[in-house]
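Take a look at the structure below.
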Amino acid sequence: VNGSVLMNVRRLLSFQRYLHSSRFFHGIPASNPLGYILDDDFTGQAKLMLQKVGNWNFDIFLFDRLTNGNSLVNLTFHLFNTYGLIELFQLDMVKLRRFLVMIQEDYRCQNPYHNAVHAADVTQAMYCYLQEPKLAETLTSCDLLLGLLAAATHDLDHPGVNQPFLIKTDHYLAALYKNSSVLENHHWKSAVGLLRESDLLSHLPTEDRSERLGSLILATDISRQNDYLSEFRTHLDKGELCLTNGGHRHFILQMALKCADICNPCRPWKLSKQWSEKVTEEFFHQGDIERKHNLEVTPLCDRQSNSVANIQIGFMAYVVEPLFVEWSRFSDTRLSMTMMSHLSLNKQGWKEGKDKQEASSSRVSEEQRTPATKDSNSKVLPQGSKGS
């Protein structure tokens with residue numbers, strides 16, 4: 001109960017910060033209220049960045065700094081505005097802002113990787129995919145709304161450890177969701193809870209909105225990667241995907257979110273490397289906890305036997321590349337070619353780094369094994385003698 005009270009107080013204080021920072025909430029004219037919000041909330045540089053929010057080299061780390069740690073709120077709000085979703089669905093802007101603040105606050109900032117910046121990055125990537133011709137021509141406004149909501153909330157309240165850890169430590173979430181897609185179910189239910197608390201969509205017909213949102217978030221469960229990939233490949237092999245079909249559109253939204261969630265290796269090296277280091281730091285932190293409590297250390301999380309390069313090379317080869325090969329078959333565009341090019345270059349970069357590290361370690365080991373050669377000119381004192 002105390003934790004819940006503290007969370008609500010934190011949310012209130014955070015939202016009050018937004019209330020005081022925007023002239024929209026101080027009786028400005030209603031002709032173009034969005035413009036006033038954006039003028040007050042963004043620095044000049046951040047606004048310039050948002051003009052290029054659809055660029056694949058968008059630097060979310062820089063944008064987060066320019067928005068004082070509010071990248072998820074500001075980017076998602078901007079995308080809702082860009083698509084005209086606020087007017088179309090008659091969303092109350094105060095409720096929308098409050099909802100986005102609550103989402104951002106419910107990501108755990110102490111997580112090196114699974115935090116609000118990752119959510120903002122995934123949302124920006126999702127926007128890039130939604131802009132691809134096949135999707136842009138067929139997606140409905142409801143598809144766009146759910147796609148952006150799912151991206152922004154897909155890792156909500158992530159604890160910074162994986163599902164096996166929750167299961168072997170008898171965490172209440174593992175019991176609640178019966179050891180099945182534990183984290184993804186938690187993210188989904190947390191998102192639904194915030195939607196209900198914010199009252200953002202209460203004026204709209206309920207239909208199957210919650211289930212569709214859940215279906216998108218559940219698709220990010222990496223343990224079910226092969227199931228989705230196999231279905232995607234089958235659809236493409238048979239050439240049967242028809243995006244005028246609602247079910248097919250929803251499946252493509254699932255695949256788009258899956259791609260957005262693990263697209264870091266397809267970003268430019270400068271961005272990709274930072275994400276790789278952050279996710280490895282989070283993995284190793286879990287391994288440290290496991291070792292401290294005498295639990296079996298997850299191989300991926302063992303800093304004593306693993307490295308960033310090893311983890312990334314394996315992740316790219318067995319998880320990322322197979323997915324993006326199929327996505328490129330579906331959406332054969334310049335963006336897909338760019339992503340595959342970055343993936344190839346980044347994989348090569350990690351391999352070269354690994355080779356250099358191994359060569360360096362080998363030299364050090366060799367030097368430690370080889371005894372130091374004596375100087376041929378030095379005088380060896382007879383046993384028992386004393387040097388002056």
> Given Cys109 and Asn115, is the side-chain contact (heavy atoms from CB on, under 4.5 Å) satisfied, shown in steps?
Replying inline: CA-CA 6 Å; Cys109 58; Asn115 52 41; 5.6 Å; no

> So His158 and His118, ring-ring contact (aromatic ring centres under 6.0 Å, His included) or not? Walk me through it.
Replying inline: CA-CA 11 Å; His158 196 294; His118 166 65; 8.6 Å; no

> Does a salt bridge link Lys278 with Glu281, judged by any charged N lying under 4.0 Å from a carboxylate O?
Replying inline: no

> Run the side-chain contact (heavy atoms from CB on, under 4.5 Å) check on Phe330 and Leu135 step by step: do they pass?
Replying inline: CA-CA 11 Å; Phe330 164 71; Leu135 281 74; 3.6 Å; yes

> So, does Thr138 use its side chain to make a donor-acceptor pair with the main chain of Lys134 at under 3.5 Å?
Replying inline: yes

> Taking the side chain as C-beta and beyond, is there a heavy-atom pair between Cys301 and Phe165 under 4.5 Å?
Replying inline: no

>> Angle between ring planes, Tyr83 versus Tyr127, binned at 30° and 60°: parallel, tilted or perpendicular?
In response: perpendicular

> Backbone N or O of Phe77 within a donor-acceptor pair of the Asn74 side chain at under 3.5 Å?
Replying inline: no

>> What I'd like to find out is whether the side chain of Met102 reaches to under 4.5 Å of the side chain of Leu200, using heavy atoms alone.
In response: no

> Quick check: does any side chain N or O of Asn264 sit under 3.5 Å from a backbone N or O of Ser276, one acting as donor and the other as acceptor?
Replying inline: no

>> Please tell me whether Val279 and Leu166 are part of a single hydrophobic cluster in this structure, the criterion being side-chain heavy atoms less than 4.5 Å apart.
In response: no

> What do you reckon, is NE2 of His285 surrounded by more than 12 foreign heavy atoms closer than 6.0 Å?
Replying inline: no

>> I'd like to know if Asp143 and Arg212 make a salt bridge, using a cut-off of under 4.0 Å between side-chain N and carboxylate O.
In response: yes

> Looking at side-chain heavy atoms only, is the closest gap between His187 and Thr220 below 4.5 Å?
Replying inline: no

>> Set out, in order, the CA-CA distance, both residues' side-chain angles and the distance that settles side-chain hydrogen bond (donor to acceptor under 3.5 Å, both in side chains) for Ser190 and Asp157, then state yes or no.
In response: CA-CA 8 Å; Ser190 298; Asp157 194 37; 4.8 Å; no

> Does a side-chain heavy-atom distance below 4.5 Å link Leu253 with Leu130?
Replying inline: yes

> Is there a donor-acceptor pair under 3.5 Å between the side chain of Asp199 and the backbone N or O of Lys95?
Replying inline: no

> Is the backbone of Tyr113 close enough, under 3.5 Å, to the side chain of Glu282 for a donor and an acceptor to pair up by distance?
Replying inline: yes

> Mind checking whether Met340 and Phe232 sit in one hydrophobic cluster, side chains of I, L, V, M, F, W, Y counted as touching below 4.5 Å?
Replying inline: yes

>> Counting only heavy atoms from other residues, nucleotides and ligands, does the tally under 6.0 Å from CD of Glu277 exceed 12?
In response: yes

> Taking everything shown except Gln90 itself, do over 12 heavy atoms lie less than 6.0 Å from its CD?
Replying inline: no

> What's the shortest heavy-atom distance between Trp350 and Val308, and which atoms?
Replying inline: CH2-CG1, 3.4 Å

> Does Ser341 use its side chain to pair, donor to acceptor, with the backbone of Met337 at less than 3.5 Å?
Replying inline: no

> Looking only at atom types and distance, does a side-chain atom of Ser198 sit under 3.5 Å from a main-chain N or O of Leu195, one as donor and one as acceptor?
Replying inline: yes

> Would you say the side-chain atoms of Asn245 pair up with the backbone N or O of Gly247, donor to acceptor, closer than 3.5 Å?
Replying inline: yes

> Between Leu218 and Val182, is there a shared hydrophobic cluster once you connect ILVMFWY residues whose side-chain heavy atoms come closer than 4.5 Å?
Replying inline: no

>> When you compare the side chain of Phe61 with that of Ser71, does any pair of heavy atoms fall below 4.5 Å?
In response: no

> Is Asp237 paired with Arg329 through a side-chain N to carboxylate O contact shorter than 4.0 Å?
Replying inline: yes

> Is Val325 linked to Ile262 within one hydrophobic cluster, defined over Ile, Leu, Val, Met, Phe, Trp and Tyr using a side-chain heavy-atom separation of less than 4.5 Å?
Replying inline: yes

> Taking 4.0 angstrom as the limit, do Lys168 and Glu296 come out as a salt bridge?
Replying inline: no

